[in-house]
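Working notes, beginning with the structure itself.
Letters go in sequence order (proteins before strands), and every chain restarts at 1. Keep in mind that this is a model prediction, so the values were computed, not measured.
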There are 2 protein chains.
Amino acid sequence: MPKPGPVPAASSSPRDQDRLVAGLVNALQDRISTGDIKIGSWIRQERIAQEYGVSRTPVREALRQLDALGVVEIVANRGARVKLPSIRDITEAFEVRGVLEGHAACLAARNITQAQLDVLRETDGIFREAVRHARSGGEDSRAESRALWYRANDAFHATIVTACGNRQLQLTLETLHHRMPRNLTWSALDGDPRLLEENAEEHVRIADAIDRRDGERARELIMAHTQRAQELILLRFQEP
Amino acid sequence: MPKPGPVPAASSSPRDQDRLVAGLVNALQDRISTGDIKIGSWIRQERIAQEYGVSRTPVREALRQLDALGVVEIVANRGARVKLPSIRDITEAFEVRGVLEGHAACLAARNITQAQLDVLRETDGIFREAVRHARSGGEDSRAESRALWYRANDAFHATIVTACGNRQLQLTLETLHHRMPRNLTWSALDGDPRLLEENAEEHVRIADAIDRRDGERARELIMAHTQRAQELILLRFQEP
DNA sequence: TGCGCTCGATTTGTATCCAATCTGGATTGA
DNA sequence: TCAATCCAGATTGGATACAAATCGAGCGCA
């Protein structure tokens, strides 16, 4: 669990306290994206400080950093609150993501290595496994399905963005990512194995296009892919 | 100029110390982009604190924020240094910028208002004025030319990005911008009125395409525009 | 009842203090 | 002469102290 505990493992690595603030940033970002710290809730400096056994100073610096990243919002004399993205924010962010990931896929079609292609192919097996678990209905299967899908999805997109070779593009996409609650897409897929299967097939087609070195096709497919995800999320927002 | 002095105007605005850190972030960012604080130089907390009449605490938080924005790099126990982007960073950032501004222009062709179009048209006069000053050679004219071009260029790109209507896109482009030294493009244009004139004409053609509501053409043109800027900058880096 | 006010508890914002770390130059030893 | 070492000053990192602001409960008053 992303529970408190001393920030890093407080040992091993050459310098440890160097990354105190960085560790806090990661820890908080994790707890936010997993929902452990809820969207819209206030983050009390003293509380975080005690949980991690540090003073408020590094906590404040971590919060400033999260503010700059757009993950939280600092209100003067009130504190930091986890940002609640509006429908508009989500729609717009997905559009930008589509454009950027599309371009990344286009570049990846030129620059990808065989090893990276293999990773892309391997994710397909994991996606199928996730679909299988989703079909078998139980509560445990559902959690399992979720974990598998996360793993495959993260690996898939990370691989493409890395393979494109443009680190600035990678950076930009990462910050865009962090601004959105992480489980958005999953929440739209969860509960309907058909959607999950459709999603898996979209991934295969994208990998195919990259494999064929057809950059423009890969771009189109990935843009349609994010467009689709965006539509599903909006649907889920309107009628649950 | 962007010299020290109490951070904001220390008056008027309802709350002032609220934005102490925010004010520092802006002030420092300004001083960095104008070159007042040099690229690659260290930023001493104590020095900044004294210049603005505050303690090191808010300065440190401002630096954390600049670190998160990618403007500055914090090295453990050494301090903050203004990031020196590598050639690769610049090339990659311009590529991303091209993709994003291209998309912004495409959207702007659909959503732009008449008032915004007027602003776009007005910039042309300013660009021409800048060219005129550049031709007349003197040292003062050169500074004047620079100031005019900055004004026109900022207004032009800001208008398009605003007109596109996607705030996440705007945000993303802004952070990308802040990571690069602001005078990069100008330094490539400076000293050659022909390049400056060519640059002005590129802007006109982009405005034309948006005016005709030809989004795809606007995208192509703006991508070519940033591509051209990037090439000029690389040239300037290699043989001065 | 309902509205506005005051006051105490909580929380944030800034300054200050001390320890840990780094830099650069002087010193020492081969 | 040169390299390794060590020390002093400078600088950062984190904790603590204190001031300013906010929130909310309880009170008074119409």
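Proximity of the aromatic rings of B/His225 and B/His157 is defined here by a centroid distance below 6.0 angstrom, and this criterion is met.
Between the CZ atom of B/Arg19 and the P atom of D/dA21 there is a distance of 15 Å, rounded to whole Å. Atom CD1 in A/Ile48 sits roughly 12 Å away from atom P in C/dT11 (whole-Å rounding). The separation between B/Asp67 atom CG and D/dG13 atom P is 11 Å, rounded to whole Å. Atom C1' of nucleotide D/dA10 and atom CH2 of B/Trp42 are separated by 14 Å, given to the nearest angstrom. Straight-line distance from the CD atom of A/Gln50 to the P atom of C/dT10: 13 Å, rounded to whole Å. Here the C1' atom of nucleotide D/dT12 and the CZ atom of B/Arg64 are 10 Å apart, to the nearest Å. Atoms CG (B/Asn77) and C1' (C/dC22) sit 7 Å apart, rounded to a whole Å. Atom pair A/Arg44:CZ and D/dA21:C1' shows a separation of 13 Å (rounding to whole Å applied).
Comparing A/Gly53 and B/Gly79 by the nucleotide of DNA chain D that holds the closest heavy atom to each, the one mapping nearer the 5' end is B/Gly79.
The salt bridge (Lys or Arg N to Asp or Glu O under 4.0 Å) search around B/Glu61 returns A/Arg60, A/Arg64, not counting sequence neighbours. Under the salt bridge (Lys or Arg N to Asp or Glu O under 4.0 Å) criterion, B/Asp192 pairs with no residue, sequence neighbours left out. Evaluation of the side chain to side chain donor-acceptor pair (under 3.5 Å) rule for A/Arg78 yields no partner, not counting sequence neighbours. In this structure A/Arg228 satisfies the salt bridge (Lys or Arg N to Asp or Glu O under 4.0 Å) test together with A/Glu198, A/Glu231, sequence neighbours excluded. Take B/His133 and apply the ring-ring contact (aromatic ring centres under 6.0 Å, His included) test, not counting sequence neighbours, and it matches no residue.
The B/Gln45 side chain lies nearest to D/dT12 when the options are D/dT22, D/dT12, C/dA15. In the set C/dT14, D/dT22, D/dG14, C/dT14 carries the atom at the smallest distance from any side-chain atom of B/Pro58. Candidate nucleotides C/dT12, C/dA15, D/dT12 were compared by shortest atom distance to the side chain of A/Arg60, and C/dT12 ranks first. When the nucleotides D/dG13, D/dT12, D/dG14 are ranked by their closest atom to the side chain of B/Ile74, D/dG13 comes out on top. Of all nucleotides listed (C/dC22, D/dA15, C/dA15), D/dA15 comes nearest to the side chain of A/Thr57. Residue A/Ser55 places its side chain closer to D/dG14 than to any other of D/dT11, D/dG13, D/dG14.
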Could you pull out the protein-nucleic contacts involving nucleotides 6-8 of chain D (nitrogen or oxygen on both sides, under 3.5 Å)?
none

Atom pairs under 3.5 Å: protein N/O with N/O of nucleotides 17-19 of chain C:
none

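Distances shown here put a side-chain N or O of B/Arg78 below 4.0 Å from the OP1 or OP2 atom of C/dT23.
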Mind listing the side-chain donor-acceptor pairs of residues 79-86 of chain B below 3.5 Å, one per line with the distance, residues two or more places apart or on another chain?
from: B/Ser86; atom 1: OG; to: B/Arg88; atom 2: N; distance (Å): 3.4
from: B/Ser86; atom 1: OG; to: B/Asp89; atom 2: N; distance (Å): 3.0
from: B/Ser86; atom 1: OG; to: B/Asp89; atom 2: OD2; distance (Å): 3.2

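A/Ile43 comes within 4.0 angstrom of sugar-phosphate atoms only, judged by non-hydrogen atoms across all strands, and of no base.
The distance from atom CD1 of B/Ile112 to atom CD1 of B/Ile160, rounded to the nearest 0.5 Å, is 7.0 Å.
Residue pairs meeting the salt bridge (charged side-chain N to carboxylate O under 4.0 Å, His left out) criterion with at least one member in residues 141-151 of chain B, sequence neighbours excluded, are B/Arg142-B/Asp190.
Looking at B/Gln168 and A/Glu95, their side chains never come closer than 4.5 Å, going by heavy atoms from C-beta outward.
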